[in-house]
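Everything numeric in this text was worked out from a predicted model, so none of it was measured. Whatever order the structure lists ligands and atoms in, that order sets their numbers, starting from 1.
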Amino acid sequence: MNILLTGGAGYIGSHTAVALSEAGHEVVLLDNFYNSNPSVLDRLQKILGKALPCIEADIRDTDVVEKVLREYKIDAVIHFAGLKAVGESVEKPIEYYANNVQGTISLLEAMKAMNVKTLVFSSSATVYGDPQYLPIDENHPTGATSAYGRSKLHIEEILRDVANSDAEWKIICLRYFNPVGAHESGLIGEDPNGLPNNLMPYIAQVASGKLPHLNIYGNDYPTPDGTGVRDYIHVVDLAEGHLAALSHLERNTEFDIFNLGMGKGYSVLEVVSAFEDACQVTIKYNITKRRIGDIASCYGRVDKAERLLGWKALKTINEMCITAWQHQVRTKSELVNVKKFI
Ligand code: NAD
Ligand code: UD1
C-alpha cells in the first residue's frame, strides 16, 4: 500500500514509518516540523537503507495535502500530526483546536476530494479522564480534562460521523497509553524540546547528567508504593499496532476504537528502579508535591486489540529503558560532536 503519515517526522510517526517500510509498504511523510527536525530523515535513511519522501507542509493546507494524495497515489493515511502538550493546551486552547481539530477537518476534506477513505487516527488514553475503574476498556466513559484531551475526543466524534455518512470510509482510532523507548539503533526516539514533561525522557536526561535529579510528583497516591501508576508501551510495539490496524481495515469497514498499551501498570519508583537495573546507572530523585491534573493510576485493558487486530505489545520495561537510554546517549554524543566543529 502507499501510505501517507501526517506528522511522520515525529516520535511515533518515525517509528511507524520504519515498521511500515520494513513490511513492504511505500511510505510518504508530511510534517511541518513544528515539533520535529528534518534530521530525522537522514536517520530513517540510515535505518532503512533508502530515503523516504517527505513533504514539508501543514495539514491545514488542504490543497497541498490533496496534491500529495494524488501524486503519490495514496491508499491510506495514518494521522499523527497534532499538538500534544497537556499543560500548554490549557493555556492555548485555540491553537490546540485549530491545529488538531481544524487540521483533521482539512485532512478529511483533502481525502474526500481525492477519494482516499482509509484512515488510522492517533488518539490517546487521556480521553478517559480520571478512571472510574481499572483496567480501562474501550467502553469506559470518556471525559477529557484538558483542551488537548477534548481535541482528541472531538476528532473521534467527527470521525465516527464521517464513517457513518458513507460506507466507503474505513476509520480506526487508536487510543495510546504511554509510549516510551526508542528504535534499537538509538537513531530515532523521543526528543523533547526544553525540559521533558514525561517521565521516561526525564529519567534518561538525569541518567546522562543533563538534568541533576528527577522530581517525583507525589508519593501519597492510593497505589502500592504511593507513586503514580501508568501503562508504558514500547514505541516499536506501538508502531506495529498501526500495521495491524491497517491490515484490519483491509478486511473490515466498521469504524472502531482500540486501546494500545501493555495492559499492565508500573509506578514511578518501579520505572526508576527498572531504568537503574537495565542501564546500570543511578537516578537521583526528590519526592515533590503532586502535579496538577495528575491521576493516581491508569492502565488499559488491551484484549480487544489482541482479539481483533491480532496484535499484542511484547517488549518489556527493561527494553523500554535500555532503548530510551541508548537514544539519549546517541543524541548526547552527536551534540558533543557538533560542538567540536563550531
Ligand atoms: P510528536 O510531536 O513527536 O509528532 C507529531 C508531529 O506532527 C511532529 O513532527 C509535528 O511537527 C507534526 N505536526 C504538528 N502539527 C502539524 C501540522 N499542523 N501539520 C503538519 N505537521 C504537524 O508527537 P508524537 O508523540 O509522535 O505523537 C503523535 C500523535 O500521537 C499525536 O497526535 C499525539 O497527540 C498522539 N499521542 C501521543 C502520545 C505520546 O505520549 N507521545 C500519547 C497519546 C497520543
Ligand atoms: C501525560 C499526559 C497525558 C498523555 C501521556 C502520554 C499530562 C497531565 N498528561 O500523562 O495526557 O496521554 O502523558 O504519554 O501531562 N512523573 C514524575 N516526574 C516527572 C514526570 C512524570 O513523577 O518529571 C510521574 C507523573 O506524575 C505520572 C508518571 O510519572 O505519575 C507518568 O507521567 P507522564 O510521563 O507525564 O505521563 P502521564 O501522566 O500519564
Side-chain angles (χ1 to χ4, degrees), residues 5-16 29-38 40 54-61 64-65 78-90 95-96 98-100 102-104 106-107 121-129 144-146 148-149 151-152 155 174-180 188-193 195-203 205-206 211 213-219 221 223 227-233 235 238-239 260-261 265-269 271-272 285-288 290-299:
L5 309 192
T6 71
Y11 173 45
I12 305 170
S14 57
H15 288 83
T16 306
L29 314 180
L30 183 144
D31 204 299
N32 64 0
F33 298 114
Y34 177 82
N35 196 38
S36 51
N37 192 296
V40 78
C54 180
I55 294 88
E56 181 171 356
D58 195 295
I59 46 168
R60 285 168 289 181
D61 194 337
V64 171
V65 179
I78 307 184
H79 179 29
F80 297 100
L83 304 180
K84 62 165 187 177
V86 174
E88 186 184 63
S89 80
V90 177
E95 285 85 340
Y96 270 68
N99 200 77
N100 295 3
Q102 210 167 304
T104 303
S106 157
L107 172 66
F121 171 61
S122 297
S123 190
S124 167
T126 198
V127 300
Y128 295 118
T145 53
S146 66
Y148 166 68
S151 77
K152 292 289 180 193
I155 295 167
L174 298 175
R175 291 177 177 164
Y176 313 151
F177 279 76
N178 291 54
V180 295
I188 52 173
E190 196 171 6
D191 296 312
N193 291 329
L195 209 57
N197 285 317
N198 298 115
L199 181 64
M200 191 65 89
Y202 205 109
I203 291 180
Q205 291 195 14
V206 172
L211 293 170
H213 61 264
L214 169 72
N215 292 311
I216 295 185
Y217 300 137
N219 65 350
Y221 283 105
T223 61
T227 63
V229 169
R230 297 291 185 276
D231 186 341
Y232 298 95
I233 171 172
V235 67
L238 187 67
L260 294 189
Y266 287 93
S267 73
V268 178
L269 285 173
V271 176
V272 168
Y285 64 82
N286 293 333
I287 306 288
T288 59
R290 291 180 178 194
R291 181 171 65 178
I292 294 168
D294 261 359
I295 50 180
S297 293
C298 177
Y299 51 94

What part of [X], side chain, backbone, both or neither, has a heavy atom within less than 4.0 angstrom of ligand 1?
X	value
Lys152	side chain
Asn99	side chain
Ala57	backbone

Just to confirm my output: which protein heavy-atom neighbour is closest to [atom], and how far is it?
atom	result
atom 34 (O) of ligand 1	Tyr148 OH, 2.7 Å
atom 7 (O) of ligand 1	Gly7 CA, 3.3 Å
atom 19 (N) of ligand 1	Ile59 N, 3.0 Å
atom 37 (C) of ligand 1	Ile12 CD1, 3.7 Å

[X], [atom1]: over 12 other non-hydrogen atoms inside 6.0 angstrom:
X	atom1	answer
Tyr285	OH	no
Leu195	CG	yes
Phe33	CZ	yes

Can you name the ring pair (Phe, Tyr, Trp, His ring centres under 6.0 Å) partners of Tyr128, sequence neighbours left out?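 Scan of Tyr128 (ring pair (Phe, Tyr, Trp, His ring centres under 6.0 Å), adjacent residues dropped) gives His140.
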Examine ligand 1 and decide if any of its atoms is less than 4.0 Å from a heavy atom belonging to Ser123.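 It does; at least one heavy atom falls under 4.0 Å.
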Does Gly8 come within less than 4.0 Å of ligand 1, judged by its heavy atoms?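 Per 4.0 Å heavy-atom rule, Gly8 does not contact ligand 1.
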Show the short N or O contacts, below 3.5 Å, that ligand 2 makes with protein N or O atoms; if there are none, say 'none'.
unit_1   : atom_1 : unit_2 : atom_2 : d
ligand 2 : 11 (O) : Thr126 : OG1    : 3.2
ligand 2 : 12 (O) : Ser124 : OG     : 3.2
ligand 2 : 13 (O) : Asn198 : ND2    : 3.1
ligand 2 : 18 (N) : Asn215 : O      : 2.7
ligand 2 : 22 (O) : Asn215 : O      : 3.4
ligand 2 : 22 (O) : Tyr217 : N      : 2.9
ligand 2 : 26 (O) : Asp294 : OD2    : 2.5
ligand 2 : 34 (O) : Asn198 : ND2    : 3.4
ligand 2 : 34 (O) : Leu199 : N      : 2.8
ligand 2 : 35 (O) : Asn198 : ND2    : 3.0
ligand 2 : 35 (O) : Arg291 : NH1    : 3.3
ligand 2 : 35 (O) : Arg291 : NH2    : 2.8
ligand 2 : 36 (O) : Asn178 : ND2    : 3.1
ligand 2 : 38 (O) : Arg230 : NE     : 3.3
ligand 2 : 38 (O) : Arg230 : NH2    : 3.3
ligand 2 : 38 (O) : Arg291 : NH2    : 2.9
ligand 2 : 39 (O) : Asn178 : ND2    : 2.9
ligand 2 : 39 (O) : Arg230 : NE     : 2.6

Under 4.0 Å from any heavy atom of [X], which atoms of ligand 1 are there?
X	result
Asp31	6 (C), 7 (O), 8 (C), 9 (O), 10 (C), 11 (O), 12 (C), 21 (N)
Ser36	8 (C), 9 (O), 11 (O)
Gly10	3 (O), 4 (O), 9 (O), 26 (O)
Ser122	29 (C), 30 (O), 32 (O), 35 (C)
Tyr34	11 (O)
Ser124	43 (C), 44 (C)

Does [X], backbone or side chain, put an N or O under 3.5 Å from an N or O of ligand 1?
X	answer
Ala9	no
Asn35	yes
Tyr11	yes

Testing Asp294, Thr227, Val229 for side chain to side chain contact (heavy atoms under 4.5 Å, CB included) with Tyr221, which one passes?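 Output: one option passes, namely Asp294.
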For the atom pair OH (Tyr148) and CG (Asn100), what is the distance rounded to the nearest 0.5 Å?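 So the OH of Tyr148 and the CG of Asn100 are separated by 7.5 Å.
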